[in-house]
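Keep in mind the model is a prediction, meaning the values are calculated, not measured. In what follows, chains carry the letters A, B, and so on, assigned in the order in which the sequence lines appear, proteins first and then strands, with residues in each chain numbered from 1. Quick note: numbers below take in every heavy atom, side chains included, and nothing from hydrogens, waters or symmetry partners.
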Amino acid sequence: MRIATWNVNSVTARLPHLLGWLERARPEVVCLQEIKCAEDAFPYEPLAALGYDATVHGAGRWNGVAILSTVGIDDVQRGLRDEPGFLEDGALLPAQEQRAMAATCAGVRVWSVYVPNGRAVGHPHYAYKLDWLAALRTTAAAELAAAPTPWAVLGDFNVAPTDADVWDIALFETSTHVTEPERRAVAALGEVGLSEVLPRPLKYDVAYTYWDYRQLHFPHNLGMRIDLVLGNNTFTGSVFDAYVDRDARKGKGTSDHAPVVVDLDR
DNA sequence: ATGTCAGACAACGTCTGA
């Protein structure tokens, strides 16, 4: 089975690229992030024509996640357990955003997640990001306590796990994505039984998954590895290959993220 | 140059978020 994750930065803007990539890579299961469309505006038909069922958690302009599958979709869950919302103004109640959903596809439990960006260290969105990652850990712990079925969380974590996962750590001194609290929050997922599937790069030394649209970052390979796959032992033990498909970042009209592809011997 | 995108709103430009 082939499972992939891809932050598409709008599923409607990316539809031609997405369809072309699905035809080439033929993953059985795909976790999408930043679909930026409501559930009823999702392009179900062209995806169904390629054999994909879809389950969607989206509301419109921002965020939004989905799971595509050619092998069935069961036990869909939208949102994390006790998922926090972003509290822009202390007077408002937190409104949960569309950043996480799960489905079971041919016996494999997958979560598609779009972790909050954080915006700036010390910004309320940064605290939200850390709270959100804590809720992800709680949710993972609760599900993993059940039967040891293959289980994985895939998506845009907006965290680079090590200094080597950004093109120049010296430029990130005051930035989000590389701070110790963010890294600890991701590493804490290891304490509930998850470990990273490390993809191989198709070119260069590091399997970056994101390159800013601006300033020729992609041609200069000024990237970050922030789209991650973490699985339980049952999942990671059946992985025989994983890579970042940087070719999907090439050319006009692409996402600023590349897909991460994982191959399982099941 | 925060130099590129995407979406929404009321526009044909400006804002927000990444």
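Here CE of A:Met224 is found 9.5 Å from NE2 of A:His257. Values are rounded to the nearest 0.5 Å.
Between A:Phe86 atom CZ and B:dT16 atom P the separation is 14 Å, expressed in whole Å. Whole-Å rounding puts the A:Ile226 CD1 to B:dA18 C1' distance at 10 Å. For the pair A:Leu171 CG and B:dT2 P, the interatomic distance rounds to 13 Å; values are reported in whole Å. Across the protein-nucleic acid pair, A:Asp212 atom CG and B:dA18 atom P stand 13 Å apart, rounded to whole Å. Atom CG in A:Asp256 sits about 15 Å away from atom C1' in B:dT2, given to the nearest Å. Summarising the geometry, the separation between NZ on A:Lys129 and C1' on B:dA18 is reported as 12 Å, rounded to the nearest angstrom. Atom NZ in A:Lys252 sits about 9 Å away from atom P in B:dA6, given to the nearest Å. Remark: P of B:dT4 and NE2 of A:His257 are 18 Å apart, rounded to the nearest angstrom.
The residue A:Tyr114 sits close only to the backbone: its heavy atoms come under 4.0 Å of sugar-phosphate atoms, none of a base. Residue-level contact check: A:Thr12 touches the backbone only, with heavy atoms under 4.0 Å from sugar-phosphate atoms and none from bases.
A:Tyr213 approaches A:Asp256 most closely through the heavy-atom pair OH-N, 3.2 Å. Counting all heavy atoms, side chain and backbone alike, A:Ala41 lies closest to A:Thr12 at O-CG2, 4.3 Å.
The side chain of A:Arg119 sits closest to B:dG17 out of B:dG17, B:dC5, B:dG3. The side chain of A:Tyr213 lies closest to B:dT4 when the candidates are B:dG17, B:dT4, B:dA18. Of the candidate nucleotides B:dG3, B:dA18, B:dA6, B:dG3 has the atom nearest to the side chain of A:Gln215. Taking every side-chain heavy atom of A:Arg214 into account, B:dT4 is the closest of B:dT4, B:dA6, B:dG17.
Separation of the C1' atoms belonging to B:dA11 and B:dT16 is 16 Å when rounded to the nearest angstrom. Taking atom P on both nucleotides, B:dA1 is separated from B:dG13 by 25 Å, rounded to a whole Å. For the P atoms, the distance linking B:dC12 with B:dG17 amounts to 22 Å, nearest Å. Between B:dC15 and B:dA10, the two P atoms lie 14 Å apart (nearest whole Å).
Where A:Asn9 and A:Gly118 meet DNA chain B, the nucleotide closest to each residue was compared, and A:Asn9 sits on the side nearer the 5' end.
Across all strands shown, the partner of B:dT4 is B:dA18, judged by Watson-Crick or G-U wobble contacts whose two distances both fall under 3.5 Å.
Taking the six-membered ring where the residue is Trp, A:Phe172 and A:Trp167 present perpendicular rings, their angle passing 60° and hence far from 30°. Relative ring orientation between A:Trp211 and A:Phe218 is described as perpendicular, the plane-to-plane angle rising above 60° on a 0-90° scale split at 30° and 60°.
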